[in-house]
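Read through the structure below, which is laid out as structure tokens, and then see the notes.
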Amino acid sequence: MADRAGVSETASTGFTGPEPTSTAKGAINLRIEPQVRQLIDDAAAVLGKTRTEFMIEAARQQATDVLLDQRLFHLEPERFDSFIAALDTPPAPGPKLRTLLGRTPAWRR
């Protein structure tokens, strides 16, 4: 961990998904204000963690939340049924969609 004008941390994603192709760890260099660094250090100390452990855990949790917010949502049973019905019966294509689908793609011109 380097300590110049910022903080250098080592991280791995940990998000469940495709297996990584390498087990090597990479560095993430951050420039951070002294008071923010102290706040992170204080919080890490309360949990008995290093700055690196704390930052990786916090970043991993935030990244997971962001990705799940894009993939997972909850609906009441009746709203879920309406949602599934809408997916199963999409609206009929309008004139603009028909025109678009009738065009020759740029890669075939």
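Given the structure is predicted, the values throughout are model-derived calculations rather than measurements.
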Report the distance from atom [atom1] of [X] to atom [atom2] of [Y], rounding to the nearest 0.5 Å.
{"X": "Gln62", "Y": "Leu67", "atom1": "CD", "atom2": "CG", "result": "10.0 Å"}
{"X": "Gln61", "Y": "Thr64", "atom1": "CD", "atom2": "OG1", "result": "5.5 Å"}
{"X": "Lys25", "Y": "Thr52", "atom1": "NZ", "atom2": "OG1", "result": "9.5 Å"}

Linked, directly or transitively: Met55 and Leu39 (ILVMFWY side chains, under 4.5 Å):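 As far as the 4.5 Å side-chain criterion goes, Leu39 and Met55 are not connected within one cluster.
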
message: With a 4.5 Å cut-off on side-chain heavy-atom distances among I, L, V, M, F, W and Y, is there a chain of contacts connecting Leu47 to Ile40?
response: yes

query: Between Pro90 and Leu87, what is the shortest heavy-atom contact and its length?
result: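 Minimum heavy-atom contact is CD-O, 3.8 Å.
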
message: Minimum heavy-atom separation for Leu75 and Phe83, please, with both atom names.
response: CD1-CB, 3.8 Å

message: Tell me whether the count of non-hydrogen atoms from other residues, nucleotides or ligands lying under 6.0 Å of CD in Glu76 goes above 12.
response: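 Incorrect, the count does not exceed 12.
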
task: Applying side-chain hydrogen bond (donor to acceptor under 3.5 Å, both in side chains), name anything that partners Asp81, two or more places apart in sequence or on another chain.
output: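 side-chain hydrogen bond (donor to acceptor under 3.5 Å, both in side chains) check on Asp81 returns nothing, list empty.
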
query: Under the 3.5 angstrom rule, does the side chain of Arg51 hit a backbone N or O of Ala44 as a donor-acceptor pair?
result: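 Not at all, since once roles are kept as given, no pair shorter than 3.5 Å links the two residues.
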
- request: Would you check if the side chain of Glu53 reaches a backbone N or O of Thr50 as a donor-acceptor pair within less than 3.5 Å?
  value: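 Judged by distance alone, yes, a pair lies under 3.5 Å.
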
task: Evaluate the side-chain contact (heavy atoms from CB on, under 4.5 Å) criterion for residues Leu101 and Arg98: first the C-alpha distance (whole Å), next the side-chain angles of each, then the deciding distance (0.1 Å), finally the verdict.
output: CA-CA 5 Å; Leu101 293 175; Arg98 283 192 198 102; 6.0 Å; no

